[in-house]
Chemist: 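Before we start, here is the structure in question, set down as structure tokens.
Computed from a prediction, not measured in an experiment: that's the story for all the values here. For the numbers below, each heavy atom of this structure counts, side chains included, while hydrogens, waters and symmetry mates do not.
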Amino acid sequence: YQFAPKNVSVKVGTKVTWTNKTDAPHTVTGKNGWSFHSKTFQPKGTVSYTFSKAGTYHYICSIHPFMKATIVVTK
């Protein structure tokens, strides 16, 4: 399992949607100061977040913590 792509750049105000294309449940769980923790989303499910501040957002799946990715949000 992995987030794809692992690194994404977006502008402030962008709504990012993750789609679970695997056969297992996942989460989007912020790390390093980002306190976001999504609901667990099942296969074919989605979760979304709108980024309102510039910065670098690191996250993992709390069920599979080896799944890591980053979103860079710019003005």
Side-chain angles (χ1 to χ4, degrees):
Y1 305 128
Q2 64 182 347
F3 290 108
K6 285 188 153 203
N7 299 298
V8 176
S9 294
V10 300
K11 298 279 187 190
V12 168
T14 299
K15 179 180 179 180
V16 173
T17 299
W18 293 264
T19 301
N20 184 346
K21 296 182 179 180
T22 73
D23 60 355
H26 296 293
T27 71
V28 175
T29 303
K31 300 295 284 180
N32 301 335
W34 185 32
S35 61
F36 180 72
H37 184 82
S38 76
K39 63 180 176 143
T40 299
F41 57 115
Q42 301 300 320
K44 298 183 183 175
T46 62
V47 67
S48 297
Y49 183 85
T50 301
F51 289 88
S52 60
K53 287 186 185 179
T56 301
Y57 296 80
H58 302 280
Y59 60 96
I60 64 168
C61 170
S62 63
I63 300 167
H64 308 99
F66 57 87
M67 293 175 60
K68 299 176 183 179
T70 303
I71 295 180
V72 175
V73 180
T74 59
K75 292 183 180 179

Chemist: For P25, check side-chain contact (heavy atoms from CB on, under 4.5 Å) against everything at least two apart and list the hits.
Modeler: T40, Q42, I63
Chemist: Do F3 and Y59 have side chains that approach each other closer than 4.5 Å (heavy atoms only, starting at C-beta)?
Modeler: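 Counting from C-beta outward, F3 and Y59 do come under 4.5 Å.
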Chemist: Atom CH2 of W18 and atom CD1 of I71: how far apart are they, to the nearest 0.5 Å?
Modeler: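 It is 4.5 Å, given to the nearest 0.5 Å.
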Chemist: Starting from V72, walk the hydrophobic network (Ile, Leu, Val, Met, Phe, Trp, Tyr; side-chain heavy atoms closer than 4.5 Å) and list everyone else you reach, by chain and number.
Modeler: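 In the cluster with V72 there is nothing else; it is isolated.
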Chemist: So, for A24 and P43, which heavy atoms are closest and what is the spacing to 0.1 Å?
Modeler: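 Closest approach of A24 to P43: N-CG, 3.7 Å.
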Chemist: Check side chain to side chain donor-acceptor pair (under 3.5 Å) between T29 and all other residues, then give those that pass, not counting sequence neighbours.
Modeler: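 Partners of T29 under the side chain to side chain donor-acceptor pair (under 3.5 Å) test: T27, H37.
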Chemist: Test of understanding: with side-chain contact (heavy atoms from CB on, under 4.5 Å), list the residues that count as partners of K31, not counting sequence neighbours.
Modeler: H58, I60
Chemist: Got a list of side-chain donor-acceptor pairs under 3.5 Å for residues 44-56, not counting sequence neighbours?
Modeler:
residue: S48; atom: OG; partner: T17; partner atom: OG1; Å: 2.7

Chemist: Which pairs, with at least one residue in residues 1-16 and sequence neighbours excluded, count as a side chain to side chain donor-acceptor pair (under 3.5 Å)?
Modeler: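 Counting only pairs at least two positions apart or across chains, the side chain to side chain donor-acceptor pair (under 3.5 Å) contacts touching residues 1-16 are Y1-D23.
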